[in-house]
Amino acid sequence: MAETETDVITVTFNGENTEQVKRGIPASEFLASVLSRKRSKNAILVRIDGELKDISAPLTHDCGIEAVFPGDDNTLEVLRHTAAHIMAQAVKELFTDVQVAIGPAIENGFYYDFDYQRPFTPEDLKKIEARMEEIVKRSQDITREDISLDEAEKRFEKLGEKYKLEILNVLDDQGEEEVSIYSQGEFVDLCRGPHLPHTGYLKAFKLTGLAGAYWRGDETQPMLQRIYGTAFFDKKSLKEYLNRLEEAKKRDHRRLGRDLDLFSVHEEIGPGLILWHPKGGIIRKIIEDFWRNEHFRRDYDMLFTPHIARRDLWKTSGHLDFYSENMYLPMDIDEVSYQLRPMNCPFHIAIYNSRIRSYRELPMRWCELGTVYRYERTGTLHGLMRVRGFTQDDGHVFCRPDQLSKEIHEILDLTLYVLRVFGFDRYEIYLSTRPDKYVGSDENWESATDALSQSLETQGLTYEIDPGEGVFYGPKIDIKIKDCLDRSWQCSTIQVDFNLPERFDVRYIGEDGQPHTPIMVHRALLGSLERFFGVLIEHYAGAFPLWLAPVQAIVLTVTDRQDQWAGSVTKKLKAAGIRTKADFRNEKLGKKIREAQLDKIPYMLIVGDQEVIDMTVSPRTRKGQKLNAMSLDDFIALVERECRDVFNC
RNA sequence: GCCGGCAUAGCUCAGUGGUAGAGCAGCUGAUUCGUAAUCAGCAGGUCUUCGGUUCAAGUCCGAAUGCCGGCUCCA
């Protein structure tokens, strides 16, 4: 201890009261002196100089301190982290020679990875849960020790925890000298903390899943067994969360895709290959029409290009070097090797290169609904979200360096508008920087990355940097949209490319009469029509907004006395461009309504004797709202207004 | 690709070694009915595929395929 240090330190509580206390007393002891007995008993953690710490943390220097209670910022994370430890403790108690790896809190809960001789079963999970309950009942103190790295190595060696030793090695390489370990009963874990004071705080938890996971997330490393769980401070929140999971299940696009007859996938056709049914097809057509119109409005031109090309093209583009693991094997045509395309860009470049370009032509904005084929490993396929053949709403902008930031700006504007029209107004934006495997000069990477970040900043968009996540040919902006259940989906992407123009010798003649290399920007707003459709289905739970609904209105008769008027209603609505169906079956109205409801048709038009006399229809919405009988013209106007309003956003 | 699970009628599922079942959907008939299911009848399956064990396999074993939950990867 340095000579200048005294045994008394100054502690400021809540930024107000200042107290002199003995150096080294636990924070809990201090809190007990300044808080009511009840309050100090309820505190679970402390914030020392803004940093979350154990409530037993010693106060070693002059500092500011606040008490932290259940439900305060970041406390759920601590609870879940403690839950992970309790689970590991339970597993260690039940299965003697199990090794523990890591166990963090994650977005919706926590997990812990284990190495065990045999796979855990769902029955094991129940046993583990029961043992956790027991540990909770024990209310075992969770204590922290700060020890030297050497000491830690000795302890974990004794415990035979080889994964912990590996972590200690990494910490050693990083130059750490001291680590913290946490103990509860017999269970000891290497951990940064903080943790709750004792195991009794875990009141509401559930183990939710069992899965394999690679050690350190690296597929060359051994596969461990991961047990997932979730925890909350109270049972009510846990129940709400579990209900939300149920709700998400009901919205699963794979289920709705079948129930609503939107699309299918067939074993005999091949996994990851999507068949769009008539109802999915009409939605796709509407999406595409909107997309095309919006692109024409913003000075894009439209291209159509083939799905295969000579292998040499992919050599030139660099895809064989950098993307071959995602490409299908070549096929021979007239003794020349061809390959299915995984991307559309080289074709657009070929069009660019079909003649000499002047700087006056730039920027050139080209788009295509381009179908590509990528080999995705079997285990990664997922409904419409991850497939092997899909159509990108692709586009390439060729521009001069001085035009880049304006172009990015306009692409962002277009992207966010399109997403809003589809009902997505919340998103996370990521700027991905240079990966390990890349082409192009460091200098180009840097200037491209700057252009992207500047465009984001001038539009006042907040974003996160995703280091090393760029594509091999350039940095990118990814937009992950958030759906109504708060889940995020990667769809839009904007990628600057300094590389392909070089490889294909893309040039324009500048003002100076000399050739220059343009910058190429790849962009997809929806990402792929397949994935976007999947996201849309889940976002709306299959109840598509009126402008997208495959059937917008269904005419329902009460008896066959109304067939004639109902028939002419149907005809007139169709003539007015409203996607209309008729259900004149000899069934009860209640049944027809039920079926239309299950089909999530926005408007049911009831036609009974009264409507025939008045020459009206009585609309009922799929939300169960009964509108007053109205004339056909009024109904048509209502539909048109509702559809039009979507675009004013 | 890896770890684990699953595969029975269009859908949801029952059937754990002894002759394949239900509900819904479908079809036929009756019923003419006002805001989420009218009644009756009929039809529908080489139990994913291939191989093995057994007197006997939907059921037990092995493999393949596909799907599901994750990991990794990603639009």
Side-chain angles (χ1 to χ4, degrees), chain A residues 111 113 118-122 124 208-228 249 252 254-255 258-259 261 264-272 323 325-326 342-343 370 372 374-394 469 471 476 478-480 489-493 495 522-532 534-535 556-563 584-599 604-611 618-622 624-627 629:
Chain A
Y111 68 79
D113 286 346
R118 64 159 177 88
F120 291 127
T121 64
D124 291 335
T208 51
L210 200 52
Y214 300 106
W215 168 234
R216 296 168 175 273
D218 178 345
E219 56 183 322
T220 63
Q221 297 277 354
M223 172 133 328
L224 307 171
Q225 296 189 65
R226 177 168 298 177
I227 302 178
Y228 285 96
K249 227 185 205 168
D252 191 312
R254 293 164 300 186
R255 179 189 192 87
R258 193 185 51 228
D259 291 352
D261 200 12
S264 59
V265 188
H266 299 254
E267 187 170 345
E268 64 270 29
I269 290 170
Y323 207 72
E325 67 267 31
N326 287 295
M343 291 183 191
V372 298
R374 297 183 185 173
Y375 171 70
E376 300 293 350
R377 298 191 292 178
T378 50
T380 65
L381 300 172
H382 180 91
L384 290 173
M385 303 302 193
R386 193 76 187 283
V387 296
R388 285 182 169 163
F390 57 99
T391 301
Q392 295 181 300
D393 66 318
D394 210 353
E469 289 300 310
V471 203
K476 61 173 180 173
D478 285 328
I479 299 175
K480 291 189 181 170
W489 304 96
Q490 150 98 63
C491 293
S492 320
T493 181
Q495 310 179 348
H522 312 252
R523 32 112 293 172
L525 318 180
L526 310 176
S528 84
L529 290 172
E530 284 74 9
R531 177 178 291 181
F532 191 75
V535 174
L556 307 180
T557 50
V558 178
T559 72
D560 55 12
R561 286 192 302 278
Q562 295 92 37
D563 283 7
F584 298 173
R585 287 176 308 162
N586 175 13
E587 294 286 356
K588 284 179 132 173
L589 181 62
K591 177 162 180 153
K592 296 186 188 183
I593 286 175
R594 178 180 153 81
E595 287 183 9
Q597 189 79 42
L598 292 174
D599 258 351
M604 297 158 219
L605 302 178
I606 317 294
V607 176
D609 289 338
Q610 195 56 49
E611 284 79 7
S618 292
R620 176 196 205 272
T621 70
R622 64 185 159 196
Q625 192 187 1
K626 285 196 269 183
L627 306 185

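Computed over heavy atoms, backbone and side chain alike; hydrogens, waters and symmetry mates excluded. Convention: sequence-line order gives letters A, B, ...; per-chain numbering from 1.
With rounding to the nearest 0.5 angstrom, the CG atom of A:D124 is 8.0 Å from the CD1 atom of A:I227. The distance from atom OG of A:S618 to atom NZ of A:K626, rounded to the nearest 0.5 Å, is 9.5 Å. The distance from atom NE2 of A:H522 to atom OG1 of A:T493, rounded to the nearest 0.5 Å, is 9.5 Å. The distance from atom CG of A:L605 to atom OG1 of A:T557, rounded to the nearest 0.5 Å, is 12.0 Å. To the nearest 0.5 angstrom, A:Q610 atom CD is 11.0 Å from A:Q562 atom CD. Taking CZ from A:R388 and OG1 from A:T378, the interatomic distance works out to 6.5 Å, rounded to the nearest 0.5 Å.
If you take atom C1' in B:G70 and the same atom in B:A63, they sit 24 Å apart, rounded to whole Å. Nucleotides B:A14 and B:C6 have their P atoms positioned 12 Å apart, rounded to a whole Å. Annotation: B:C24 and B:G41 have their P atoms spaced 12 Å apart (nearest Å). Comparing the P positions of B:G17 and B:A57 gives a spacing of 14 Å, expressed to the nearest Å. B:U16 and B:G21 have their C1' atoms separated by 16 Å, given to the nearest Å. Taking the P atom of each, B:U54 and B:G15 are spaced 28 Å apart, rounded to whole Å. B:C60 and B:C47: their P atoms are spaced 15 Å apart (whole Å). Comparing B:C42 with B:C68, their P atoms sit 38 Å apart, to the nearest whole Å.
In terms of phosphate contacts, A:T378 brings a side-chain nitrogen or oxygen within less than 4.0 Å of OP1 or OP2 of B:G1. For the OP1/OP2 pair of B:C33 and a distance below 4.0 Å, the side-chain nitrogens and oxygens of A:R561 include at least one atom meeting the criterion. Side-chain N/O atoms of A:H522 include none lying less than 4.0 angstrom from OP1 or OP2 on B:A75.
B:G1 is paired with B:C71 under the Watson-Crick or G-U wobble criterion, all donor-acceptor distances under 3.5 Å. Using N1 to N3 plus N6-O4 or O6-N4 for Watson-Crick, or N1-O2 and O6-N3 for G-U wobble, each under 3.5 Å, B:C11 pairs with B:G23. Of the nucleotides present, B:U28 is the one that pairs with B:A40 by Watson-Crick or G-U wobble criteria, both distances under 3.5 Å. B:U53 is unpaired under the criterion used here, namely a Watson-Crick or G-U wobble arrangement in which both key atom distances are under 3.5 Å. Across all strands shown, B:C47 forms no Watson-Crick or G-U wobble pair with both key distances under 3.5 Å. Checking B:G58 for Watson-Crick or G-U wobble geometry (two distances, each under 3.5 Å) identifies no partner in any strand. Under the Watson-Crick or G-U wobble criterion, with both distances below 3.5 Å, B:C6 is paired with B:G66. Across all strands shown, B:U16 forms no Watson-Crick or G-U wobble pair with both key distances under 3.5 Å.
A salt bridge does not link A:K480 to A:D478: none of the charged side-chain nitrogens sits closer than 4.0 Å to a carboxylate oxygen.
Where A:E530 and A:Y214 each meet RNA chain B at their nearest nucleotide, the meeting point lying more 5' is that of A:Y214. Each of A:R585 and A:R374 has a nearest nucleotide on RNA chain B; the 5'-most of these lies closest to A:R585.
Nucleic acid contact for A:G527: sugar-phosphate only, since backbone atoms but no base atoms lie under 4.0 Å from a heavy atom of the residue. In this structure, A:K249 reaches neither bases nor backbone, as no heavy-atom distance under 4.0 Å exists between it and the strands shown. A:Q225 comes within contact range of no nucleotide atom at all, as no heavy-atom separation falls under 4.0 Å. At the heavy-atom level, A:V372 lies nowhere under 4.0 Å from the strands shown. A:G217 comes within contact range of the sugar-phosphate backbone alone, with a heavy-atom separation under 4.0 Å but no base atom that close. Among the atoms of the strands shown, none is found under 4.0 Å from any heavy atom of A:F532.
Rounded to a whole Å, the NE2 atom of A:H266 is 18 Å from the P atom of B:U49. Atom-to-atom, CZ of A:R226 to C1' of B:C2 comes out at 13 Å; the value is rounded to the nearest Å. The distance from atom CD of A:E267 to atom C1' of B:U48 is 6 Å, rounded to the nearest whole Å. One can place CG of A:L381 at 8 Å from P of B:C68, the figure rounded to the nearest angstrom. What separates OH of A:Y111 from C1' of B:G4 is a distance of 17 Å, to the nearest Å. Here B:C3 presents its P atom at 14 Å from CG of A:L210, a figure rounded to the nearest Å. When the C1' atom of B:G5 is taken as reference, atom OH of A:Y228 falls 15 Å away, rounded to whole Å. At whole-Å resolution of the value, CG in A:D394 and C1' in B:A75 are 10 Å apart.
Within a 6.0 Å radius of CZ in A:R216, more than 12 heavy atoms belonging to other residues, nucleotides or ligands are found.
The side chain of A:M223 sits closest to B:C3 out of B:C3, B:C71, B:A75. Listed nucleotides: B:U72, B:A75, B:G69. Nearest to the side chain of A:E219: B:U72.
Centre separation under 5.5 Å together with a plane angle under 30° holds for the ring of A:F390 and the six-membered base ring of B:A75, marking them as stacked.
In terms of modelled atom types and a separation under 3.5 Å, the side chain of A:R374 and the main chain of A:P342 share a donor-acceptor contact. When atom types are taken as modelled, the side chain of A:Q225 and the backbone of A:R118 share a donor-acceptor pair closer than 3.5 angstrom. When atom types are taken as modelled, the side chain of A:R523 and the backbone of A:D393 share a donor-acceptor pair closer than 3.5 angstrom.
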Can you check nucleotides 34-39 of chain B for protein contacts, nitrogen or oxygen pairs under 3.5 Å, and list what you find?
residue : atom : partner : partner atom : Å
B:G34   : O6   : A:D609  : N            : 2.9
B:G34   : O6   : A:Q610  : N            : 3.1
B:G34   : N1   : A:E611  : OE1          : 2.8
B:G34   : N1   : A:E611  : OE2          : 3.4
B:G34   : N2   : A:E611  : OE2          : 2.7
B:U35   : O2   : A:R620  : NE           : 3.0
B:A36   : OP2  : A:R620  : NH2          : 3.1
B:A36   : N6   : A:Q597  : NE2          : 3.4
B:A37   : N9   : A:R594  : NE           : 3.4
B:A37   : N7   : A:R594  : NE           : 3.4
B:A37   : N7   : A:R594  : NH1          : 3.0
B:A37   : N6   : A:R594  : NH1          : 3.4
B:A37   : N6   : A:R594  : NH2          : 2.6
B:A37   : N1   : A:R594  : NH2          : 2.7

Contacts under 3.5 Å, N or O only, protein and nucleotides 11-16 of chain B:
residue : atom : partner : partner atom : Å
B:C11   : O3'  : A:R258  : NH2          : 3.2
B:U12   : OP1  : A:R258  : NH2          : 3.2

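A donor and an acceptor atom sit less than 3.5 Å apart, one in the side chain of A:R531 and one in the base of B:C74. Contact of A:R386 with B:C73 (side chain to base): a donor-acceptor pair of N or O atoms is detected under 3.5 Å. With hydrogens and angles ignored, a donor-acceptor pair closer than 3.5 Å exists between the side chain of A:R377 and the base of B:U72.
Closest non-hydrogen pair, A:R226 versus A:D113, comes out as NE-OD1, 2.7 Å.
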